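See structure below.
The structure displayed is predicted, hence computed values, not measured ones. Atom set for the values below is all heavy atoms of this structure, side chains included, hydrogens, waters and symmetry mates excluded. Throughout, residue positions are numbered sequentially from 1 according to the sequence presented.
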Amino acid sequence: MTGTSADASGAATPHLVPTPLGDARVTVYAPSGDVRGWLLAGHGAGGGIEARDLVALARTLPALGITVGLVEQPWRVAGKKLAPAPKRLDEGWLPVVAALKEGEMAGARFVVAGRSAGARVACRTAVASGADGVVALAFPLHPPGKPQSSRAGELLGAGLPTLVVQGERDPFGAPSEFPELPDDSTLTPVPYADHGFAVAKKAPVGQDETLALVTRAAGEWLTALFG
């Protein structure tokens, strides 16, 4: 790994992490004081770590003593426009987790996370990564308009305490469509929000309020998990 990290109030220099698919990139936002634990978050298939929910988590969680690592998959680092098959995404993720566990995350408790396709990766690899839990943002329960093509098995198979944060207008699966989660897991609906947690201008809540709900749900859940 190369580079340095910074707290969420300043610019962070990314780490480059070699994987079988090419270099991944990790940008770390660290608390100024004691660290409770880490959240490692991956992006979706249609965007990168500039997603509004990932940015909001990187800005807010360090104040709670949680280090945030935003992970860019090798295909994004290489400038490609299309994500590879799901299993290949896992191959680009697990080496990053392993490298951090041997480096600056050594001995720390951590949670794997992601939005959309990144949430699927986190769920599929949660146990193998050695994480303490999973945060699934905008989990794509099914392709839009195809509820019969459910990916509930990936979510339920995570095998660890899981927080799902889901927009009520998400075409990939509204909160009401989700199966009952295990007792150690939680589903937090986000009113009026779509798959990217965007809300329409005519909605009775604003964008800042919506993102505050997302970060508050994650912060409270992580604080309880890490203790």
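A donor-acceptor pair under 3.5 Å is formed between the side chain of Arg36 and the backbone N or O of Gly227. Between the side chain of Glu72 and the main chain of Gly48, no donor-acceptor pair closer than 3.5 Å is present. Counting only distance, with no hydrogens or angles, the side chain of Gln166 and the backbone of Leu137 share no donor-acceptor pair below 3.5 Å. Between the side chain of Asp194 and the backbone N or O of Ala198 there is at least one donor-acceptor pair closer than 3.5 Å. Formation of a donor-acceptor pair under 3.5 Å by the Thr215 side chain with backbone atoms of Ala212 is found in this model. When atom types are taken as modelled, the side chain of Ser116 and the backbone of Gly44 share no donor-acceptor pair closer than 3.5 angstrom.
Here the shortest heavy-atom pairing between Glu91 and Leu21 reads OE1-CD2, 3.9 Å. Pairing each heavy atom of Gly196 with each of Arg115, the nearest pair is CA-NH2, 3.7 Å. Phe172 approaches Pro144 most closely through the heavy-atom pair CE2-CD, 3.4 Å. Here the closest heavy-atom approach between residue Val96 and residue Ala24 is recorded as CG2-CB, 3.5 Å.
Contact of the Leu155 side chain with the Phe178 side chain is registered, since non-hydrogen atoms from C-beta on lie closer than 4.5 Å. Within the 4.5 Å cutoff, no side-chain heavy atoms of Leu40 are placed close to those of Val111. Under the 4.5 Å side-chain criterion, counting only non-hydrogen atoms from C-beta, Val165 is not in contact with Phe139. Here the side chains of Val28 and Trp38 are in contact, with some heavy-atom distance below 4.5 Å.
A salt bridge between Arg216 and Glu209 is absent, with no side-chain N of the basic residue lying under 4.0 Å from a carboxylate O of the acidic one.
In the model, Glu177 has a side-chain atom that pairs as donor or acceptor with a side-chain atom of His142 under 3.5 Å.
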Pairs under 3.5 angstrom only: tabulate donor-acceptor contacts from the side chains of residues 117-135 to other protein residues two or more places apart or in another chain.
from	atom 1	to	atom 2	distance (Å)
Arg120	NE	Glu154	OE1	2.7
Arg120	NH2	Glu154	OE2	2.9
Arg124	NE	Asp90	OD1	3.2
Arg124	NE	Asp90	OD2	3.0
Arg124	NH1	Glu154	OE2	3.3
Arg124	NH2	Pro86	O	3.0
Arg124	NH2	Asp90	OD1	2.9
Thr125	OG1	Trp93	NE1	3.4
Thr125	OG1	Val121	O	2.8
Ser129	OG	Thr125	O	3.4
Ser129	OG	Ala126	O	2.7
Ser129	OG	Ala131	N	3.3
Asp132	OD2	Phe110	N	3.0

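Residue Tyr192 places its OH atom among 12 or fewer non-hydrogen atoms of other residues, nucleotides or ligands, all under 6.0 Å distant.
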